[in-house]
Amino acid sequence: MLEVQLSGTLRDAANGAASINIEAATIRELLRKVVEQYPRMAEKLEAGIAVSIDGNIFRDNWGEAIPAQAEIFLLPRIPGG
Amino acid sequence: MANAKGSAFLLAGGTDLLVRMKSGAIDPELIVDIKRIPATQAITKTASGFKIGAGVPCAQLGRDAALVKAWPGVVEAANLIGSDQVQGRCTVAGNLCNASPAADSVPAMVAARAKAAIVGAGGRRSVAVEKVVTGPGRTSLEKGEFIEAIVLPTPAPKSGDAYLRFTPRTEMDIAVCSAAVNLTLGPKGVVTAARVVLGAVAPTVVLVPAAAKAIIGSTLDDDALANLAAACEAACAPIDDKRGTVEFRTEVAGVLARRAAKLAYERAGGK
Amino acid sequence: MTLDTQFTDQKFKLVGSRPDRPDGVDKVTGRARYGADASAPGQLVGAILRSPHAHAKIKKIDTSKAEKLKGVKAVITSADLPDLTNGNRGNYDILENCMARGRALYDGHAVAAVAAIDAETARRALSLISVDYKVLPHVTDVDAAMRSNAPIVQPHVRTAGGEPSDKPTNIAQISTFGHGDVEAGFAKADKIVEKSYKTEQTHQGYIEPHACLATVGPDGQGELWVTTQGHYTFRNLCASLLGMDIAKLKVTSSEIGGGFGGKTHVWMEPLALALSRKANRPVKLVMSREDVFRASGPTSSTSMDIKIGCTNDGRITAATATLRYQDGAFPGIWGMLGAMTAFACYDLENVQSVGYDVLVNRPKVAAYRAPSAPMAAFGVESTIDLLAAELNMDAVEFRLLNAAKEGTKASYGPTYGPIGIGPTLEAVKNHPHMHAPLGKNQGRGMACGFWFNFGGQTCTDLNIGVDGTVNMTVGTVDVGGARASLSLIAAEELGIPYEHVKCNIGDTASLGHNDTTEGSRGTFSSGMATIFAARNAIEELKSRAAKTWDIDPEEVDWVDGEAVAKGVEHSNLGPLSLAQIAKASPNTGGPIAGHSETVADGAGVSFASHICDVEVDPETGSTRVVRYTVVQDAGKAIHPDYVEGQFQGGAAQGIGWALNEEYIYGEDGRLQNPGFLDYRIPVCSDLPFIDTEILEIPNPNHPYGIRGVGETSIVPPLAAIANAVSNAAGVRMDHIPMSPPRIRKAIKAEAAMHQEVSAG
Amino acid sequence: MAGVHVSTTVNGDDVEFVCPGSESLLDVLRNRLGLTGAKEGCGTGDCGACSVTVDGQLVCACLMLGAEVEGRQVQTVEGMAQGDQLHPLQRQFIENAALQCGICTPGFLMAAKALLDRNPDPTETEIRYALAGNLCRCTGYDKIVRAVSATAKELSQEATTKGSKKR
C-alpha cells in the first residue's frame, strides 16, 4: 500500500485529505485508482499533474513503475520559461 | 511650408519626428528635409563665436576640437542624447524644437547664452534659446518659421561650463533631472559670473538666478555649494511621473547642480 | 536498443568541447529567418485594434466602415471566433485573451483585427472601426485586488484551495505547501525575523516581437510560420480554437529572437489564422514593441510576508511565507509556483508556504524563466541575510548550515536525491570574489536559488546519408545554441566528427509531437532523444555490417564509430566505418536511420548561488553592479560556452529586474511605459563581465547526467543584489526594483529614524 | 503622401525604389529590397537591431526615411562579408559564442564595425559605451564585448604584420 501525499489545491478534490492510501504498481494504475476514489480528481488530472516518485518528478510517463514503499507526491503540473 | 494644407514638418535628424509618426501622434502632409541645404550642415567659427547649422548631427559637435574646447558642457550635453546611432542623426536645433522639458542639450545651451537664428516668411530674427520653448511640446515659432542655426558666443576668458543629468541607466535614457552651470572666474579663483540652469524639473528648463547668486563671489566653498543646491531645490516645480518623483527630482537637481558647478569651476581653471 | 536513462559516467571525446555553432554563419550574415522575415505571394498585412481601457464592457463594435475601405480584405471580431472549447475553461481563457469577448479585461486587450493590402491601409482600417465601451472600475494592484470591495475581474471565479464560498472573488487559488508544525518550531526559536516585501511586474523583454505568417484555405488546410518556443503546442491549440484538424495545420518555428517563457503561449496567432481563413490569402501579423508590452505575457507583480526563526547556534526551526502573486486577467498558477519554490534551498523541519493567485486588470501573466521563483527567493534570501546578521554569523555559513541535501524532505514535498545547493555554497565560500576588498560606497551580497526543470514529450530523427554524414531533425526549438549541443551528442554517440552532423529543427509535419521548449528542457530532453536515436541507428548499422559480412548481428560490436566483428573466428574481417556502411546502404536494405519518440522524464532539480558587488551613490541612489559571479550546477555541460551564456543571460535579466525594470500603471489603469526607452532593460555599459563557475553534479536520470541550465540563473539575482545594495547603503531594501528614488527614500527614512533614536 | 522615387547604393550595388514619403529606411530595406538582416525590435531607435550605416555613419534604419538615402551609400549586415570571407567580427562572434538567439547580432556587428573603424584599439569601457545603443537580452553582453575585443586585437596584429611586410 502506497501513501500518496497530496499538494496544494489537489487536496480540495480529495475532500481535504493530505494523503490517501492506494495500491498501485505504475503511475497509470495510481491515477486510475485516485480518480475511482475521488471523482473530482479527474478535472485536476485533465488540467495537468505530475507524480514525484522518491523525489524524481514525472510529468507524462504513465508507464513508470512505482517501487513498493516508494515516497509518492501528487503535484500540480508546472510550466517553465 | 507655410502653404501646406495639412501639417508640415521640418526633418533635421528625424529621431523624434519618425517616432511620433510611427505612434500615429502626427500624420504629416509635408516633410521638408533641411539637410539638403548645405548651410545647415556646418559648424562655423565666427568672430563672435560658433554657428551650428540646424542639420548638424550631435556627433559632429564632439569632433569639432575648437567647439569642444570652448563649450565642453554644451558638447557633453549634446553627446548624451541617445545612442551612437541616434547621435549620428539628432541635432541640437531639433532637440530644442521638440520642446521636451528633459531635452539634454537645452539647459547647457541656455547656460551658455546660446541664441536661435530663426528664419521665416517675414525674414530672420535671433532669439535667446530660453525664449524658444514655451511649454512641453510648444514653441514660440510662428507657422512657417524654422531654426536655421544655433549660435554660441565666444566664452569669456577663464570660463568653464558643465552639464550633468541623472538617468537610471548609464546610456539610452531620458534625464530624470539635469543641471548645467556656466561660470567665469576672476582673480584668486573667485566666481565673477555664473548661469545655472535646471532641466526636467518644470514645464520648461529653468534658469535659476538665485543659484548663480549663491556662488558668485565665492571660491565654491562648501557653504556656497550648499546655498547653490538649496536655491536649485527652491526653483524646482516638477511632476511625479513614470521617470521620477517630485521629491527625488528636487533633491537630485540640487546634487547635480553642485557637482556640475565643481566641474565647471575646474574647467575654468579654478582649484 | 538501449533506452536506459540512468547516468553511466561515460567517458567523452566531444561532449564538453566548444565547437562553432552550426547556425552561426546564418546569424552573422543576416540570412537567418526570424518570425517577421518570411513572406508569401499575395500576402496581406494584419493589424489589431486594442482596448484603451483597463476594464470595460464592449457594447457594440461597428466594423462596416473599415470593411468598405478599399484594400481591406478581412475584418474580424470575436464573432469570427466561435467558442469551440467545449467546456475547457483553460482554452476558453486563451481564446478570450486573444480577442475580447464582450468585455475588455486590460489595457491592450485585442478587440478587432483587420487584414489589408498594405500596412497603411490596415492602419486606416483600424481607425475606422468604432467600439462602444462602457468603462468599468478596474484594479491593477495585487493587494488592492484581494480586498473584499475590489472590482471583480472574472465573475465566474471562486477560490480553489480555500474555504468553499459562492462569492465572486479575485483570489483564484490558494496553494499551501510544507510540513511539520511551524508554531512549535517558532516556539523553539531564539531569534525570529519577519518582514514584508514587494516586487513589481517585469517583462521577458525578448528583442524580437511576436510575428507570424498564416495561410489557411477554404479546404481547411493551413500553414503557420511563427516565432515560438513550442510549434507543436501552438499547432494543437490553434487547430483546436479554430476547429481545424491537427494534421492539416503545419506549423514551422522560425528562428526565435528570444522567448524566456513569453513565447510558450499564443497571443495573436489564432487571429492571423482567422484573418487568413476569412480573406483566403496569406496574412502576416507582427506586434509592435508597444503591443508586446501591453498584450503579451509579463511576469507577476507580488507582495509577500516572510517569517523565519532559528536557534542561537544558527539552526532554522521554522519558516513561513505568504505569497500574493497577480496572474493578470486570467487564472494561473504563479502564486502556487512561488509557494513551491520559496524554501526549496533549505533543510527545514517545520515549513509552510501559502501562495495566492490573484486576478487584476493587467495582461495575462506568462512564464518568465523559472517563473515565480525569483520573487519568492528575494523575500526568503533577504530574510535569511537579516537573520544571519542578527546571529552575527557569516551569511554563507548560515546558509550552509541549513542547506538541503540528499535525503532532505523538500519544502514542496518530495525527498531530494543528489543535489547541488551545498556544493554551490561551498564554491561561493571559497571563491576569490568573496574575499576581494570593497571600495567606498560598495557592498557585497549573495543569494541562492532553485528551479525544478522538466523533460517531456520529445522526438529525434537521425538520417544517415550515403557519404556518412548525418542529418538530424529535432522538435525542440533552439533558443540559445541547442543545435550545437545536440550535434555534439549525436557525434559523440556515433563516433563521428561534429562537422559530420547537421541538426535541423523540424516542422510539425516532420516529427511526432514535441512539448514546448520550456522548463530548461531543450538539451535535457532532446539530448536524451538524440542519444536514443543514435543508439537506434547504431543497431541498424551493426545489422548492415553483419549483412555485409554475412554473419549474425549479435556478433557485431560498435566501437568508436566503426562496426567490429567479435571473436577470433572473424579476425579476418576489418572494421567497417559508419561511412563505409552508409555507402553500401542502397544494397544492404536501403536508407539507414535512427529515431526516438520518448517522454524524457526525471529532469533533475537545479540550484545556483550568486555573488554580487554593487556601488551605491548615496546622494542619488544610483546603483552600479561592479562585479558579479554565478555558480550553478549544470549536471553535465555539453557545450560549456552556451551553458555560460545561459548563466550570464539569466544574471543580466535578474540585474535589470532588481534595479530598474518595472511595469508602471497610471491611475487610469493604462500602462505608462510600453517601450524600451522607459522600460529600462540593462544596456552594455550598465554591466560588468559576468563570471561563471559550472559545477557538474550528474543528474542520475539522464545518461549523460544533464540537468537543465536555462532558468535557475535568474532566481538568485534579485536577492543577491538586494543584499548587496542593503550592505552598501546601510538600509534594507524591501521593494523591487531598487530604483534610485526607492533607494534614496530608504536612505532618508533610515537617517530620520537614527536621528529620532539618538534624540530619544 | 505620394510615392518618392529614390536612387541609391546599397552594399555597393545601385538600387532604385519607389516608396511613400513617410516610409522608414528599415521598411524599405526589409519589404522592398528583401534585405531582412536589419531587424525591427522597437521602431523607436531604442534597441539598435536595425543598425546600418549611411555614408559611413551608423544610424537606426527605423529612424530614417527611405526618401533620405537618395544618392547615399547604405551598408547593411548583408554586405559585411567579402565574398566567402566573413568579416573578422563575424567570425569572432561565432568563435566567442557572442550570440544566443541572434536577433540582435546584425545590429551589434554594424555598431561594432563602426566603432573599430573609428577606434581600432578600444578599451572595455569604450566598447561598452559604443554598443550601448544595441540591446541584447540573451547574453548579458559578456561574450559580445570579448568578441569585439578579440577582433580589435586580431585586426591590429594583422596591420602590424602587413606593415612589417611592406618594410
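Chain letters run A, B, ... following the sequence lines, proteins first, then strands; residues in each count from 1.
Looking at A:Asp12, its side chain never comes within 3.5 Å of a backbone N or O of C:Ala160 through a donor-acceptor pair. Remark: the backbone N or O of A:Gly80 is not paired with any side-chain donor or acceptor of C:Glu711 at under 3.5 angstrom. Of the possible donor and acceptor atoms, none in the side chain of C:Gln173 sits under 3.5 Å from a partner among the backbone N and O of A:Thr9.
Heavy-atom distances place the side chain of C:Thr264, and not its backbone, under 4.5 Å from chain A. Neither the backbone nor the side chain of C:Asn453 comes within contact range of chain A; no heavy atom of the residue lies under 4.5 Å from a heavy atom of that chain. Residue A:Gln5: no heavy atom, backbone or side chain, is found under 4.5 Å from chain C. When heavy atoms are compared at a cutoff of 4.5 Å, C:Phe452 approaches chain A solely by way of its side chain, counted from C-beta outward. With a threshold of 4.5 angstrom between heavy atoms, C:Gln204 does not approach chain A through any atom at all. For chain A, the nearby part of C:Lys409 is the side chain; its heavy atoms alone come within less than 4.5 Å. Only the backbone of C:Ile174 comes within less than 4.5 Å of a heavy atom in chain A; its side chain stays farther off. Proximity to chain A is absent for every atom of C:Thr299, based on heavy atoms less than 4.5 angstrom apart. Using a 4.5 Å cut-off between heavy atoms, A:Phe73 touches chain C through its side chain atoms alone.
Of the listed residues (A:Ser7, A:Ala18, A:Ala13, A:Gly63), the greatest number of heavy-atom pairs within a distance under 4.5 Å of chain C belongs to A:Ser7. Of the residues considered (C:Asn701, C:Ile714, C:Val354), C:Asn701 shows the highest number of contacts with chain A, using heavy-atom pairs under 4.5 Å.
In this structure, CZ on A:Arg11 lies 7.5 Å from OG1 on C:Thr176, to the nearest 0.5 angstrom. Between C:Thr5 atom OG1 and A:Asn56 atom CG the span is 9.0 Å, to the nearest 0.5 Å.
Taking each heavy atom of C:Pro414 and A:Gly55 in turn, the nearest pair found is CB-CA, 3.8 Å. Counting all heavy atoms, side chain and backbone alike, C:Pro371 lies closest to A:Pro79 at CG-O, 3.8 Å. Minimum heavy-atom separation, A:Leu75 to C:Tyr412: CD2-O, 3.8 Å. The two residues C:Asp601 and A:Ile57 come nearest to each other via the heavy atoms OD1-O, 3.9 Å.
Under the 4.5 Å side-chain criterion, counting only non-hydrogen atoms from C-beta, A:Ile78 is in contact with C:Leu337.
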